[in-house]
Undergrad: 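Mind having a look at this structure? Questions to follow.
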Amino acid sequence: MVTKGKHPKRQTEPSLPQVELPSNTSIKHLADVLRVEPVKLIKQLMRKGIMANVNQVIDFETASILASECGYIAQEKEERKIKISHPLEGGSKLQPRPPIVTVLGHVDHGKTTLLDMIRKTNVTAREAGAITQHIGAYQATVNDRKITFLDTPGHEAFTTMRARGAQVTDIVILVVAADDGVMPQTLEAANHAKAAGVPVVVAINKIDKANANVEHTKQQLADLGLIIEEWGGDTICVPISAKKGEGLQDLLENLFLLSDMLELKADPTTPAEGVVLESRMDKTRGPLATLLIQKGTLRTSNVIVAGNTWGKIKAIFDDKGKQIHKCGPATPVEVLGLGDVPRAGNVFRVSPSEHHARDTAEKQAAKTPRSSLSLSAISSQISEGETKTLNIVLKTDVDGSIEPIKSSIERLSTEKVKAKVIHSASGSITESDIILASASNGIVIGFNARVAPGATQSAAAEGINIYNYDIIYKMIEDIDKVLHGMLEPVYDFVLIGRAQIRAIFPSKGKGTIAGVYVNEGKIHRSATVKVIRGGAVIYESNVSSLKRFKDDVSEVNTGFECGVGIEEFNDFQVGDTLEFYREEKVT
């Protein structure tokens with residue numbers, strides 16, 4: 001009995017593990033999170049008078065009770081709210097603008113077919129069948145309303161722009177094939193959309209196929225945290241057949257409905273501002289840039305600045321290749337007149353004069369590139385209270401390593417900072433991983449994971465460091481030190497070049513020499529070298545000799561051939577890849 005006016009003495013309870021749960025979740029997903037069999041949760045619900053199946057969606061309160069009975073403390077996950085989109089600063093004459101939509105998804109799940117079907121069947125009668133896509137974006141007219149599609153090469157390009165500070169897309173369509181379900185690139189695309197904070201509309205494609213399983217695909221989406229509306233979530237989901245056009249009208253209507261909810265507006269009366277979608281050097285016309293107008297109106301003869309280049313607009317072409325003289329918000333165009341090829345993702349603005357444009361571009365060019373995001377730098381930020389979340393892209397050599405490493409990392413979270421694995425998969429570290437880390441201000445950590453060609457250069461360009469471990473406890477130890485702001489500078493082996501063996505030569509007194517072609521970076525005589533065969537490292541040692549023709553050299557650049565000798569190794573085979581590393585202090 002509790003005496004009036006006195007408080008009972010609180011007993012000290014052992015701390016329970018915590019789990020984060022969304023506002024709505026399925027029984028199967030909850031069972032996976034709690035690491036119990038779904039039938040156990042179903043029995044617990046039955047005792048409470050609730051009849052449920054494995055796909056039943058329950059609210060957070062019910063899930064919290066089940067979690068408590070399984071020995072966990074549940075916390076409600078902060079759901080990403082749909083943000084009301086506002087135009088860039090300046091101007092007060094706001095007018096509705098078309099939504100800007102990017103289509104993402106796994107390869108062969110029907111992205112291109114969907115875009116082609118929309119382009120062919122949902123344009124005005126005058127344009128039907130006559131549209132030729134000249135640039136990586138286009139506008140379609142549906143029921144007298146315009147909609148802008150970004151036909152980018154996938155989520156890498158989509159997130160690159162986000163990583164460089166350009167919020168380009170209003171809505172993402174995530175295409176998932178009903179016969180294939182959620183695949184690795186589906187997960188990757190969903191993570192890129194989440195990193196950009198963009199609402200997702202799911203299009204379950206290929207429902208016309210005999211082996212289509214829509215319900216199973218919905219369950220897989222729920223496991224990703226994309227719980228559809230009919231299951232109590234907030235993700236719009238539309239079953240379609242892009243090939244036959246089935247469900248297409250419903251998809252477009254939902255896009256416009258979401259667009260109305262977002263209240264997309266812009267001021268067309270101000271000088272134009274926007275982003276560079278892509279650029280190229282034309283042999284006859286010079287630099288060409290595809291621009292997306294986000295605010296204001298762009299006109300021929302306007303002077304614009306894009307990154308560290310500028311120029312006076314000589315010509316503007318719409319998405320059909322037709323020359324126009326002006327264009328308003330949410331319109332993709334190709335322009336001629338810049339002095340150099342701008343970088344995709346650069347923000348552009350109309351400048352008041354050529355002198356001002358030149359001065360602005362020169363100042364931009366003089367800016368130092370951003371510093372690398374290293375573990376020791378993050379450790380310092382944490383110790384100074386600047387960083388609250390350590391975002392990690394995790395790649396492992398095999399699937400079985402993912403969950404134990406991921407859970408070990410996330411259990412290291414402290415009151416000051418949270419360790420969060422935003423994407424995890426098995427396989428090589430790719431350019432896509434680098435871009436996602438850049439967009440999320442995070443790092444890339446690998447466990448026995450190879451670095452794919454091109455990823456090293458991408459990491460250098462984006463200021464992202466790659467950390468690869470072969471001992472789990474060392475990885476966990478370093479991350480723990482980072483989270484406590486105590487990590488000391490470490491030394492790491494940095495990939496500096498790759499070469500492929502094209503010939504093998506005997507050498508008197510020196511064993512065997514590999515004749516190689518340097519296809520990436522540069523190779524040094526002082527480097528450590530790994531021999532790769534069949535995707536696996538078969539030997540690691542130091543370079544013993546490096547020659548161009550008959551001369552000893554200290555380094556060889558990309559595009560050149562040379563002879564390489566490796567200490568105590570002669571078992572070369574044509575087709576082997578040599579990877580060259582140097583030891584650097586990670587600061």
Side-chain angles (χ1 to χ4, degrees), residues 184 393-402 405 425-434 444-461 464-472 474-475 491-507 510-548 553-584 586:
V393 175
L394 172 67
K395 298 302 284 284
T396 66
D397 53 345
V398 293
D399 284 336
S401 301
I402 296 174
I405 293 176
S426 60
S428 299
I429 295 170
T430 66
E431 290 183 71
S432 176
D433 298 319
I434 303 302
V444 177
I445 288 183
F447 178 69
N448 287 328
R450 292 191 24 77
V451 181
T456 305
Q457 283 75 7
S458 180
I464 297 295
N465 283 347
I466 300 171
Y467 296 91
N468 220 335
Y469 293 85
D470 54 11
I471 302 174
I472 291 181
K474 176 59 178 171
M475 175 198 300
Y491 289 87
D492 197 8
F493 283 95
V494 178
L495 179 66
I496 58 172
R498 277 193 180 88
Q500 188 173 42
I501 297 178
R502 294 186 171 180
I504 301 168
F505 308 100
S507 176
K510 295 184 179 180
T512 306
I513 299 297
V516 306
Y517 175 80
V518 183
N519 46 27
E520 186 178 345
K522 64 172 64 174
I523 62 180
H524 290 264
R525 186 168 186 170
S526 59
T528 298
V529 60
K530 293 181 181 181
V531 182
I532 314 295
R533 183 177 300 161
V537 178
I538 65 167
Y539 194 78
E540 180 177 344
S541 186
N542 298 316
V543 175
S544 61
S545 64
L546 186 63
K547 290 179 178 289
R548 281 273 296 156
V553 292
S554 59
E555 64 179 44
V556 180
N557 290 317
T558 302
F560 290 93
E561 294 180 335
C562 62
V564 177
I566 298 178
E567 289 181 4
E568 299 182 6
F569 184 78
N570 297 299
D571 186 26
F572 295 111
Q573 289 186 15
V574 173
D576 286 350
T577 297
L578 303 183
E579 290 185 345
F580 297 82
Y581 295 81
R582 71 163 175 257
E583 191 177 35
E584 285 187 358
V586 180

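One is the number of the first residue; the rest follow in order along the sequence. Computed from a prediction, not measured in an experiment: that's the story for all the values here. These numbers come from the heavy atoms of this one structure, side chains and all, not from hydrogens, waters or symmetry mates.
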Undergrad: Is it true that a side-chain atom of N570 and a backbone atom of T512 form a donor plus acceptor pair closer than 3.5 Å?
TA: yes
Undergrad: Do NZ/NE/NH1/NH2 and the carboxylate oxygens of E561 and R548 come within less than 4.0 Å?
TA: no
Undergrad: Does the side chain of T528 reach to within under 4.5 Å of the side chain of E540, using non-hydrogen atoms?
TA: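 In contact.
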Undergrad: Is there a side-chain contact between C562 and L546, using heavy atoms and a 4.5 Å cut-off?
TA: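 Yes, close enough: below the 4.5 Å cut-off.
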Undergrad: Mind checking the OG-CD spacing from S544 to E567? Nearest 0.5 Å is all I need.
TA: 6.0 Å
Undergrad: Can you tell if the side chain of I405 reaches within under 4.5 Å of the side chain of L394, non-hydrogen atoms only?
TA: yes
Undergrad: Looking at G515 and F505, what are the two nearest heavy atoms and their distance?
TA: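 In terms of heavy atoms, the two residues are closest at CA-CE1, 3.8 Å.
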Undergrad: Is it true that a side-chain atom of N557 and a backbone atom of G521 form a donor plus acceptor pair closer than 3.5 Å?
TA: no
Undergrad: Measure the shortest side-chain to side-chain distance between L578 and V564 over non-hydrogen atoms and say whether it is less than 4.5 angstrom.
TA: yes
Undergrad: The test is salt bridge (Lys or Arg N to Asp or Glu O under 4.0 Å); show your working for R502 and D576 and say whether it passes.
TA: CA-CA 8 Å; R502 294 186 171 180; D576 286 350; over 6 Å; no
Undergrad: Determine whether F447 and M475 make a side-chain contact, defined as any pair of heavy atoms from C-beta on separated by less than 4.5 Å.
TA: yes
Undergrad: Out of curiosity, I472 CD1 to S401 OG, how far, rounded to the nearest 0.5 Å?
TA: 6.0 Å
Undergrad: Would you check if V444 and I464 make a side-chain contact, meaning some heavy-atom pair closer than 4.5 Å?
TA: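 SC-SC contact between V444 and I464 confirmed.
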Undergrad: Test the K530-Y581 pair against the cation-pi criterion, namely NZ or CZ under 6.0 angstrom from the six-membered ring centroid and within 45° of the ring axis.
TA: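 Here K530 passes the 6.0 Å and 45° test against Y581.
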Undergrad: Less than 4.5 Å apart, side chain to side chain, heavy atoms only: is that true for I445 and Y469?
TA: yes
Undergrad: Identify the heavy atoms of T396 and V398 that sit nearest to each other, and give their distance.
TA: OG1-O, 2.7 Å
Undergrad: Distance check, rounded to the nearest 0.5 Å: F572 atom CZ versus R533 atom CZ?
TA: 9.5 Å
Undergrad: Looking at T577 and R498, what are the two nearest heavy atoms and their distance?
TA: CG2-CD, 4.3 Å
Undergrad: Please examine the side chains of R450 and K395, heavy atoms only from C-beta on, and report whether any two atoms are closer than 4.5 Å.
TA: no
Undergrad: Could you tell me whether a side-chain N or O of K547 sits under 3.5 Å from a main-chain N or O of G563, the two making a donor and an acceptor?
TA: no
Undergrad: Taking all heavy atoms of T456 and all of E520, pick out the closest pair and write down the distance.
TA: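 Answer, listing the atom of T456 first, then E520: CB-OE2, 4.3 Å.
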Undergrad: Minimum heavy-atom separation for S545 to I513, with atom names?
TA: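 So the minimum-distance heavy-atom pair works out to OG-CD1, 3.7 Å.
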Undergrad: Y539 and F569: aromatic ring centres closer than 6.0 Å?
TA: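 Yes, close enough.
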Undergrad: Shortest non-hydrogen contact from I496 to R582?
TA: CG2-NH1, 3.3 Å
